[in-house]
Participant: 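Here's a structure for you.
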Amino acid sequence: MSETSVAAPPVAVADRSQIRMPVFVYPIAGFAVTVFTWWLITSVFGLAHPVVLPPPQDVVRGFFDNREFILEGMLVTSLETLVGFIVSSVVGFLIGLVLASSALLERMFSPLLVAVNAVPKIAFGPMLVAWLGWGQPPIQFMIFVMCFFPVVLSTVTGLTRTPAELAEMARSLDASRAKMFLKVRLPAALPQVFVGLKLALPLAAVGAIIGEFQAGDAERPGLGSIIVQTLGQGMSATAFAAFVLIAATTIVFYYLLVGLERLLLPWVRATTDR
């Protein structure tokens, strides 16, 4: 009997291109690199004066020394940002809906919206106090003028750029205007609308801080008011701790918005490679 050689099964080799790290690893790595570079600049090489750029360990110490004060300010600013962002998003979407429904209205008012967006928002500060007083009204107005324009623009763009094949298919099925809007135009526009929302969210945080710089409530100070107070007292480390908290809360809100987009628009992720 002749011996037959049996080939050994091939050993599976992992494709390095398909090995993926967990999603949260990349932001953590980026944060670690940033903090390490910051520490090198301030503590090792001494390239920045501690008053101008405090070392990270001083910022951590400044946070814990005033944590109750700073955390209360974070809650105030976070609530201002969320309320202003939601109001601006709703109003911006409605304005975009009106402009997208009429080419005449779009031609009439689009230049005005561009002009309002081009005005430096910090210039509104002194006038806001005269118009609206101190506290929430001027802060919410500042948030609105900062972040409503991206929502308007993305809404108009999305609603007026419906794919031709989808529109033609709806017409062939004798869809009414209402069904055309609800079943075709709006779903096709939502990815673009979310682009505007993701652009507007960081601007809402910026608007809240600028508003607090100009018209913050001394009794319930937000992070912007805390930055002004602590810098005026020479407590730059505490002020930088407030800066870091602003960035951290904005990142959290941004990824919550990304999660909402994935929840509401599952077909977008299914038809893309990301």
Side-chain angles (χ1 to χ4, degrees), residues 80-124 127-128 131-132 137-208 210-211 253-254 257-258 260-272:
E80 292 170 351
T81 302
L82 282 178
V83 172
F85 173 71
I86 292 172
V87 172
S88 302
S89 299
V90 172
V91 175
F93 178 79
L94 293 177
I95 294 175
L97 188 62
V98 172
L99 295 181
S101 65
S102 171
L104 176 62
L105 292 177
E106 183 182 0
R107 296 191 189 100
M108 288 176 60
F109 293 105
S110 290
L112 178 61
L113 294 176
V114 172
V116 172
N117 187 61
V119 175
K121 308 305 182 293
I122 194 68
F124 286 115
M127 294 184 291
L128 288 180
W131 294 342
L132 303 173
I139 295 173
Q140 292 300 322
F141 181 85
M142 182 64 71
I143 295 173
F144 179 81
V145 298
M146 285 291 296
C147 67
F148 87 101
F149 184 75
V151 181
V152 174
L153 183 61
S154 63
T155 302
V156 173
T157 302
L159 291 175
T160 56
R161 301 294 187 273
T162 304
E165 60 273 14
L166 294 179
E168 187 63 29
M169 182 181 66
R171 293 191 193 97
S172 66
L173 296 174
D174 293 329
S176 63
R177 292 190 64 182
K179 285 188 177 181
M180 171 77 79
F181 175 78
L182 293 175
K183 300 294 185 180
V184 178
R185 293 183 65 194
L186 183 58
L190 285 178
Q192 188 69 37
V193 173
F194 267 95
V195 171
L197 293 175
K198 287 185 283 189
L199 289 172
L201 181 57
L203 294 177
V206 174
I210 294 176
F253 291 152
Y254 180 85
L257 183 61
V258 171
L260 180 63
E261 179 187 16
R262 294 187 175 186
L263 179 65
L264 296 179
L265 312 179
W267 68 88
V268 174
R269 191 177 183 188
T271 55
T272 59

Participant: Provide the closest heavy-atom pair for L197 versus S89 in the form atom of the first, atom of the second, distance.
Facilitator: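 Closest approach of L197 to S89: CD2-OG, 3.3 Å.
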Participant: Roughly how far, to the nearest 0.5 Å, is the CG atom of L159 from the CG atom of L97?
Facilitator: 6.0 Å
Participant: Answer whether the closest heavy-atom distance between the side chains of N117 and F148 falls below 4.5 Å.
Facilitator: no
Participant: Are any non-hydrogen side-chain atoms of V156 and E106 less than 4.5 angstrom apart?
Facilitator: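 Result yes, sub-4.5 Å side-chain heavy-atom pair found.
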Participant: Looking only at atom types and distance, does a side-chain atom of Q192 sit under 3.5 Å from a main-chain N or O of S154, one as donor and one as acceptor?
Facilitator: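 Answer holds: no.
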Participant: How long is the span from the CD atom in E80 to the CD1 atom in I139, to the nearest 0.5 Å?
Facilitator: 4.0 Å
Participant: Are the side chains of I143 and M146 in contact, using a 4.5 Å heavy-atom criterion?
Facilitator: no
Participant: Between F109 and L99, is any pair of side-chain heavy atoms under 4.5 Å apart?
Facilitator: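 The answer is yes, as the side chains (C-beta and beyond) meet within the 4.5 Å cut-off.
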Participant: Taking all non-hydrogen atoms of both residues into account, name the closest pair between P202 and L199 and its distance.
Facilitator: CD-O, 3.5 Å
Participant: Return the CG to OG1 distance between L203 and T81, rounded to the nearest 0.5 Å.
Facilitator: 11.5 Å
Participant: Going from OG on S88 to CZ on F149, what distance comes out if it is rounded to the nearest 0.5 angstrom?
Facilitator: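 Going from OG on S88 over to CZ on F149, the span is 14.0 Å.
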Participant: State whether the side chain of S110 and the backbone N or O of R107 hold a donor-acceptor pair below 3.5 Å, judged by distance alone.
Facilitator: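 Looks like no, no N/O pair under 3.5 Å.
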Participant: Nearest 0.5 Å, please: how far is CD1 in I95 from CG in L113?
Facilitator: 6.5 Å
Participant: Hey, could you give me the CZ/CG distance between F194 and L257, rounded to the nearest 0.5 Å?
Facilitator: 6.0 Å
